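Computed over heavy atoms, backbone and side chain alike; hydrogens, waters and symmetry mates excluded. As the structure is a prediction and not an experimental result, all values here were calculated from the model.
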Amino acid sequence: MPRTIENSGDIETQAEPDPAKAGDVVSLTFRGDTDPAPPFQLRVRAPSGKLIVESVLRELPTSVA
């Protein structure tokens, strides 16, 4: 299954499960070398390129629950 995780800036993004299948719940975790300043913009696109989630985050989830 095609997948791409693109990052902008100094934040690393991890997805669980990796790779995800249609219907899976995906958890995103973010790690940065420094304390980046909010807000953060999150966009999730389908393999077709269609935008399926767009959100502004005031703080990053930094650990898997």
| field | Residues forming a side chain to side chain contact (heavy atoms under 4.5 Å, CB included) with Pro39, sequence neighbours excluded | value | Val56, Arg58

| If we only count heavy atoms from C-beta on, is the Leu51 to Val44 side-chain gap below 4.5 Å? | no

| field | Of all pairs that satisfy side chain to side chain donor-acceptor pair (under 3.5 Å), the ones with a partner from residues 38-50, not counting sequence neighbours | value | Gln41-Arg43, Gln41-Glu54, Arg43-Glu54

| said: Give me the atom names and distance for the closest heavy-atom approach of Pro17 to Val25. | reply: CD-O, 3.4 Å

| request: Over all heavy atoms of both residues, which pair between Leu57 and Pro38 is shortest? Give the atoms and the distance, please. | output: O-CB, 4.5 Å

| Going through the checks in order, is the side chain to side chain contact (heavy atoms under 4.5 Å, CB included) test met by Thr29 and Thr13? | CA-CA 6 Å; Thr29 303; Thr13 306; over 6 Å; no

